[in-house]
Amino acid sequence: MLWSGAQQPYSKIRLPQLTSSEWQAPESTADVEIPATLIYEIAEGDSLSGIFSYLDISQAQMYQVLEADYAVLALDTLRPGNRLGFWLDEADNKLMALELAFNPAHKVRFTRVEDGFEVEEIRLEGQWRAESITGEVHGSFSKVASEVGLSANDVATIANLFKDKFNFRRDLRAGDKFGVVRQSQFVEDEFTGNREVLAVSFSRGDKHVEAFRHTDGQFYDGEGGSLQNAFLSRPFNGNYRISDNFNPRRLHPVTGRVKPHNGTDWALPSGTPLLAAGDGVVTRVENHPYAGRYVVIDHGSRYRTRYLHMSKVQVRKGQRVTRGQRIGLSGATGRVTGAHLHYEFHINGRPVNALTAKIPKATAVDKSERQQFYASVHDYRKLMGVEGE
Ligand SMILES: [Zn+2]
C-alpha cells in the first residue's frame, strides 16, 4: 500500500525536487530532514524485489542496498504495517536513501554514497511505562494470561524464566495467584510494540515462586540467585582461528567509509557443526544474498544470536532449542571469500563483541548491589500484591 500524508496517488507525491548533482550524502544520516519522496506501507505477501520493480527502481540498486543490509539484516523480515521511505532523484528515479521503520522507536536508514549505500540503525529510548497485572489461575495458565492482557510473548518469557523450577501444566492449581510487572515503550505517546517483563510471582498461600529483573538486565529469584543459564563462549566445539574481529566502526580499506563488522568471524571449515549459544527460540531461518543461509535465536527478551553463511540449517523457525544443541553446519553461503562462521551477539537489539561483552553467567546478584536489589524486590512485590516479608 502506497500513501503519503495527503493520501495522494504515487504519481503526485514526488515531493523534493532533487537531482543527483544536488544530492550530498549527509555527515550523519540522522541529519536528513528532507521528507521522503514516497512512503510504501508493507502489505501481506510483499517482497523487497516486488516493491522495487513496482516503483521502477532497478534491481541493481536493490542489491547495493542489500550489500549494506549485510551489517544489520533488517530487510529480510518486512512485516505488514512496516513502512519504507524512499528518497528518489527526480531526474532518473535513482535511489538516494531508503528508510525502514519497524516502529516509532526503531528505524534503519540506507544512504547513498558514491559506490553503494551506508547503513545506520536509529533507536529511540522513548519512555517506558510500567503496569502490574494480577490474576488467579483457573484452567491453563496461557488462557488465563491472555484474559488478563498478557501476550504470547510475555507467557513465553515467563515460561522460560521458570523452566528449571516449575512446570506450568503440572505444578499450577486452580486458585494459585500470579502477578506480573511489565513495562511498555512509547515514543511521543505512541506505543512502539516493545514490551518487557520486569517481575513475576506465583503464589499459593504463603509460598511464592518469583523472578525479578535487576539493573544488569538479568532475572534473579527473591534472594538474588540467578535464574538464567550461561551462554557458550563460542557456538561450536574445537579451536579455530579468528579470521575477523567485531568492529562496528571498521573502515572500508578502499573507500575509507564506515563498513561495520557486527560479528566475530571464525575460520570454520565447511560442515562444522554449529551449536545454539544458549536456550531460546529460533526466530529466523533465512537466505540472504550477502549473509547466505542464516539462523537467528532469541534468548529471552534481551539477548539474541545470529549465525551466518551456513551450509545446512537443521532447525526450523519457531523451534525451541537448548544451549549446545546443534542448529546446522557452517559453510560459505552468501558473499564470502571463504568458508567461515560469522557470529553475532545482540543485547537489547544492539550488536556487541561476543568475546568481551558482559554476557550472562549463572551467578547471583553482586554483594555490592544486594541492598538495591532487595529494595526493588520489595517494590515489585507490593505492585503484584504479594504478601511477604
Ligand atoms: Zn563476518
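We number each residue from 1, following the sequence as shown. Just so it is clear, the model here is predicted, and its values are computed rather than measured. Both counts, for ligands and for their atoms, begin at 1 and track the order of listing.
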Self-check item: Within 6.0 Å of CZ in Arg129, more than 12 heavy atoms from elsewhere
Solution: yes
Quiz item: Can you tell me if Asp244 has an N, O or S atom under 2.8 Å away from the Zn ion (ligand 1)?
Solution: no
Quiz item: Got an N, O or S from His342 under 2.8 Å of the Zn ion (ligand 1)?
Solution: yes
Practice problem: Compute whether any side-chain donor of one residue and acceptor of the other, for Ser151 and Asn153, lie under 3.5 angstrom apart. | Solution: no
Quiz item: Hey, are Tyr40 and Asp46 close enough side-chain-wise for a donor-acceptor pair under 3.5 Å?
Solution: yes
Quiz item: Among the N, O or S atoms that Asp265 has, which is closest to the Zn ion (ligand 1)?
Solution: OD1
Practice problem: Calculate, to the nearest 0.5 Å, the distance between atoms OH and CG belonging to Tyr307 and Leu274 respectively. | Solution: 8.5 Å
